[in-house]
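Before any comments, here is the structure.
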Amino acid sequence: MRFEELRLSEPLLRAVRTAGYRTPTPIQVSAIPHVLVGRDVLGCAQTGTGKTAAFALPILQRLSQHEVRGLPSSSRIRALVLCPTRELAQQIHDSFRTYGQYTSVRQAVVYGGVSQNSQVRAIRAGADVLIATPGRLIDLLGQRLVSLASVRMLVLDEADRMLDMGFLPDIRRILAQVSPQRQTLLFSATMPEEIRKLVTDILHNPALVQVARVSSAAPTVAHWVYHVEPPQKLPLLTRLLSRRPCDRALVFTRTKHGADKLTRHLLRAGLRAAALHGNKSQGARTRALDEFRSARTPVLVATDIAARGLDVEDIAHVFNYDLTSDPETYVHRIGRTGRAGAEGTAVSFCSSQERANLRGIERLLGKALQAATTPTEAVERLRISGAPGQRLRTKSSAMRRVYSPC
Ligand code: AMP
């Protein structure tokens with residue numbers, strides 16, 4: 001399926017091309033047509049599936065074509081997106097900006113923890129789409145600094161998380177101020193009873209769109225773990241990456257700062273590496289990705305959010321420099337390797353602080369990660385006993401396997 005077949009307007013298709021997307025993701029294929037015709041949607045999908053574009057693209061299209069149930073286009077805040085955290089709000093805001101860059105639709109974002117003044121100014125300057133966390137929006141409504149009277153499209157994103165965070169009363173108060181003559185889209189990774197009840201209350205004959213939860217990894221991926229403490233991680237990674245020409249390796253760090261720092265160290269060690277994270281400009285991200293795709297820069301150090309939409313085939317090695325505490329994120333990370341039956345290798349560095357994360361990952365995978373020995377110990381073992389390590393066939397492959405999973 002191509003984006004063109006989803007009947008999106010040219011300015012949106014252009015934005016999608018600029019973002020570097022080649023084909024729509026399954027949730028986009030299923031949701032976009034329903035949203036475009038004005039139907040309510042119940043989406044069972046988690047972050048990382050492309051769900052933001054699944055609602056943002058058709059909302060932008062309807063707003064730019066003034067199709068929203070009989071409202072004059074000059075009326076403001078015609079679409080409201082509620083989400084649980086400020087990070088997500090910011091991310092959704094960025095997505096609307098990216099996808100709407102060739103339209104005249106304007107957006108604003110409000111969330112707590114920062115001064116409200118500039119947020120209110122952005123709304124007053126004219127926003128068609130408002131992205132908000134419930135608490136801050138309630139504050140602004142209470143001060144009569146914002147009106148939801150013109151809202152005709154409402155999105156509840158990560159509804160289960162909003163409920164977990166105790167936002168249900170706020171959500172209900174907000175809903176009371178939005179016209180019942182609206183289109184409602186609700187996305188949730190899980191469907192507990194509370195969400196089902198909310199769905200029955202606020203959605204009308206919704207189209208159900210669903211993408212499967214990620215819970216297993218490709219069987220062709222070998223999972224290795226090095227038990228190393230934080231100070232040993234950098235020297236170990238440098239050695240593993242320089243030992244053999246890993247064609248392309250994706251290295252995950254927990255933070256943007258960590259990604260930058262690690263990249264600087266790798267560059268200093270003479271490795272061709274680049275960082276990919278949310279603080280990089282779109283131009284810098286595109287460049288880093290192109291160079292990684294062509295293997296001119298074979299090592300890409302990324303944060304989870306930046307790597308989510310990464311569409312690069314045949315990554316031989318994925319390194320978990322920081323071991324994620326979310327097992328599904330592990331599966332997402334290593335989903336970049338071992339694609340389409342190809343062999344892939346996932347290498348995790350686990351410090352004593354990260355043991356609990358490892359257990360969670362092993363539970364989800366239903367198996368233990370193979371413990372790898374650090375390079376020097378492995379060489380010693382080979383020399384003394386000639387003993388092969390795991391999965392050995394010939395001595396040279398033994399050397400490679402025991403020495404490092406690279
Ligand atoms: P989301 O699930 O909305 O958080 O999106 C996850 C990531 O996927 C984001 O980084 C998007 O930029 C990216 N993305 C969304 N749609 C596509 C697509 N059709 N092709 C490639 N990447 C995409």
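The analysis underlying the following values was restricted to heavy atoms, covering all of them including side chains, and did not include hydrogens, waters or symmetry mates. When a ligand or atom number is given, it counts from 1 through the structure's own listing order.
For the side chain to side chain donor-acceptor pair (under 3.5 Å) with Y111, the lone residue among E87, R86, Q90 that qualifies is Q90. When each of R248, R272, R296 is paired with E291, the salt bridge (Lys or Arg N to Asp or Glu O under 4.0 Å) condition holds for R296 and for no other.
Near F3, with a cut-off below 4.0 Å to any heavy atom, the atoms of ligand 1 are 19 (N). The K51 neighbourhood of ligand 1 comprises atoms 1 (P), 2 (O), 3 (O), with distances under 4.0 Å to a heavy atom of that residue. Set against the non-hydrogen atoms of T23, the atoms of ligand 1 under 4.0 Å away are 18 (C), 19 (N), 20 (N). Residue-ligand proximity, T52 to ligand 1, at heavy-atom distances under 4.0 Å covers atoms 1 (P), 3 (O), 4 (O).
For the residue pair D40/H34, the side-chain donor-acceptor check at 3.5 Å is not satisfied. Judged by distance alone, the side chains of E229 and S352 do bring a donor and an acceptor atom under 3.5 Å apart. Residues T18 and Y102 have side chains that bring a donor and an acceptor to within less than 3.5 angstrom of each other.
Using a 30° and 60° split on the angle between ring planes, F55 and F96 fall in the tilted class, from 30° to 60°.
Of the polar atoms of Y21, at least one N or O is found under 3.5 Å from an N or O of ligand 1, judged by distance alone. Annotation: A53 places no N or O atom under 3.5 Å from an N or O atom of ligand 1; distance criterion only.
Under 4.0 angstrom from ligand 1, there are no non-hydrogen atoms of F187.
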